[in-house]
Structure formats: C-alpha cells, structure tokens
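Let me begin by presenting the structure, written as structure tokens, before commenting on it.
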Amino acid sequence: MNASFIDLHIHTNCSDGTFAPEKVIEIAHDKGLSAIAITDHDTIDAIAPAIQFSHKFGIEVIPGIELSAYDESLEVHILGYFIDYNKAWLNEKLSDIREVRRKRFEEIINKLTHFGIVLKKTTINLDKNISYGRPHIAQLLFNEGHVSCIQEAFKKYLGNDCPCYVEKKRLSIADAIEIIRHAHGIPVLAHPGVLKNDANISHYIEKGIRGIEIYHSEHSKSDEQKYLQIAHDNNLLITGGSDCHGHCKPEVLIGKTKLPYSFLERLKEEHLK
Ligand code: AMP
Ligand code: FE
Ligand code: FE
Ligand code: ZN
C-alpha cells in the first residue's frame, strides 16, 4: 500500500525511557512515522495516553509490552503486540511484577553502599505505577556524580556481570507467552542478537513465540540475515524497532530503526485470526 514507515519498539517514562507518551507521539510525527508500538517493560500505563494524543497527529499506536522472562539464568525479552490493555487481571499481574522491580531497586541501592556509594535520592517513595529498571539507578549515579556517563554505571556497577547486579527473576518463557496470549496479544522474541543464544530459539518457538524482532538498533546486517532465515524456516512474523529509551540512550532515538508499514499489516492479519 503506502510507503510509510513504522517503529515497533519504544519505551516511555512509564518504564525506563525518558520521553512521556505524548512526547513519543510528537517525535514519531516529526520523524514522519505512520505507526508506532509502545512496548514498555512490565507496564501498559503509557498506552491509553499515547493513543489519546495520537489522534491529533494521525499516528497509529499499537498497544504493546516487553516482558522479561528467564530461560534458567538467561534473561529473554518477549514483546507482545496488540495486547488488550484494558484487562484488570493484566494490570494486577504487571503490578506484582513491578513490585519485584521496586524490591530489586532497593537491593541494588544497598549493594552500591558496599562500594561507598550512598545515593541521596533514594529516600524518595518509589511510584507504584512506574516500572523501575537499572537505567533509573544509572541516571541517579550520573546525577549525583558517581559516574561520568550512563554507560560507565552499567560497566562498573549495574551490568549483568557486575557486582551490584540483581536478577529480577519472575517469569518463565512459558509464563510470559501465556500472559501475552491471554491478553490476546502476539508474542514476539525481542532482539535475539542481543541475547546471543541462538541454540535456544527453537525452544521458544515450541513454547509459542509467533514472531522474531529482526530489525533492531543493536542488530548487525548479518544478524538480520540470520534471523530472517530462522523466521522464514519457521513461518514466523517479522518485527523491528529502535528500542528507543530517550535521552539515556541518545544514539538510539525513535525511528532509528524503521520498517515499511507492510510488516504491520502481517501482524494485524495474525491478530485478527
Ligand atoms: P532491567 O530491566 O532493570 O534489568 O534493565 C534493563 C534495561 O537497562 C534495558 O532495557 C536497557 O534499557 C538498559 N541497559 C542494559 N544494559 C545497558 C547498557 N550497557 N547501557 C545502557 N543501558 C543499558
Ligand atoms: Fe529498557
Ligand atoms: Fe529488551
Ligand atoms: Zn526494549
């Protein structure tokens, strides 16, 4: 149909992005995108305001989510598209997951004290509606002068192999897929190139993954080729997006990865099945 472009992986300040839902829409409009998906970690709170605001700009907003699941100790992100975000049970489930994130936030802050870092801002009450992640702590470390950039916070303290890392184990792959399906969403394996564990992709497909995120700001051309082949061989849908988090990753903004609207048409067909 038309030659318009879409970005199907965007975070807002309801999780660990820095742009408010309305700002996301404005930027998407400035970049000339015709549709976007909001895919916050463990929250759907940005979806309604984004949709409401989108009418002003004629941008289509796909309701999405990004869940963190665990395959043993490997953290695997599962995207869900076209989720029914008006379900009370879904909100309750996500609220429980966010509580795990808040406890973990405190644990990480505590671990940092072993390195002589006492963050001043941690006496603030954590907001139940925000899905807190390591980027929030990285930002505090930067704001209070303990690191010179966000990357350094991850490199020294927060990265998966770093001393202040704390797991947020909560869902298995099957649990995450079940939540998305139960909310009438399409489960998609997020950025497998970041995961670097291709051997397990077949298990995720067996568990019900319906698509793979092929295009992503951290995927190389050879990643794209490899995952396209896997998608083709397994009859999987193809998605892609920037994974924009706003100012905390300024090199990856909305529309950095974009794909033709036709990919969204395939997703819609699957959704209507
Ligand atoms: P969490 O969900 O709390 O474990 O945090 C994971 C999030 O941290 C990812 O979605 C990214 O937004 C961010 N992140 C992970 N590694 C890095 C890194 N090296 N530099 C900047 N942001 C990162
Ligand atoms: Fe994130
Ligand atoms: Fe992710
Ligand atoms: Zn993401």
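First listed ligand is number 1; within each ligand, the first listed atom is number 1. We count residues from 1, following the sequence as given. All values derive from a computational prediction rather than experimental measurement.
- Residue contacts to the Zn ion (ligand 4): His77 brings no N, O or S atom closer than 2.8 Å.
- Around the Fe ion (ligand 3), protein atoms of type N, O or S found under 2.8 Å number 3.
- Taking the Fe ion (ligand 2) as the corner point, the angle from His245 atom NE2 to Asp16 atom OD2 is about 110° (rounded to 10 degrees).
- Judged purely by atom type and a 3.5 angstrom limit, Lys156 has no side-chain atom pairing as donor or acceptor with the backbone of Ala153.
- Residues Asp127 and Tyr132 bring no donor and acceptor atom of their side chains to less than 3.5 Å of each other.
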Check the pair Tyr85, Ile51 against side chain to side chain contact (heavy atoms under 4.5 Å, CB included), reporting the backbone distance first and the verdict last. CA-CA 12 Å; Tyr85 58 97; Ile51 289 178; 3.3 Å; yes
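- Coordination check, His41 versus the Zn ion (ligand 4): failed, since every N/O/S atom of the residue sits at 2.8 Å or beyond.
- Geometry note: the Zn ion (ligand 4) is the vertex, Asp243 OD1 and His11 NE2 are the arms, and the angle is 90° (rounded to 10 degrees).
- Looking only at its N/O/S atoms, His9 has NE2 as the one nearest to the Zn ion (ligand 4).
- No donor-acceptor contact under 3.5 angstrom links the side chains of Thr43 and Ser131, judged on distance only.
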Would you give me the side-chain donor-acceptor pairs under 3.5 Å for residues 173-190, sequence neighbours excluded?
{"from": "Asp175", "atom 1": "OD1", "to": "Ser172", "atom 2": "OG", "distance (Å)": "3.4"}
{"from": "Asp175", "atom 1": "OD2", "to": "Ser172", "atom 2": "N", "distance (Å)": "3.0"}
{"from": "Asp175", "atom 1": "OD2", "to": "Ser172", "atom 2": "OG", "distance (Å)": "3.2"}
{"from": "Arg181", "atom 1": "NH1", "to": "Gly208", "atom 2": "O", "distance (Å)": "3.2"}

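- Between His219 and His191, the distance separating the two ring centers is not shorter than 6.0 angstrom.
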Could you go through Thr239 and Phe263, starting from their C-alpha distance and side-chain angles, then the distance that decides it, and tell me whether this counts as side chain to side chain contact (heavy atoms under 4.5 Å, CB included)? CA-CA 7 Å; Thr239 73; Phe263 287 94; over 6 Å; no
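- Formation of a donor-acceptor pair under 3.5 Å by the Asp30 side chain with backbone atoms of Ile27 is not found in this model.
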Dump the intermediate steps for side chain to side chain donor-acceptor pair (under 3.5 Å) on Asp243 and Ser217, then the final yes or no. CA-CA 7 Å; Asp243 206 354; Ser217 41; 5.8 Å; no
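- Checked against the Zn ion (ligand 4), the N, O or S atom of Glu66 at the shortest distance is OE1.
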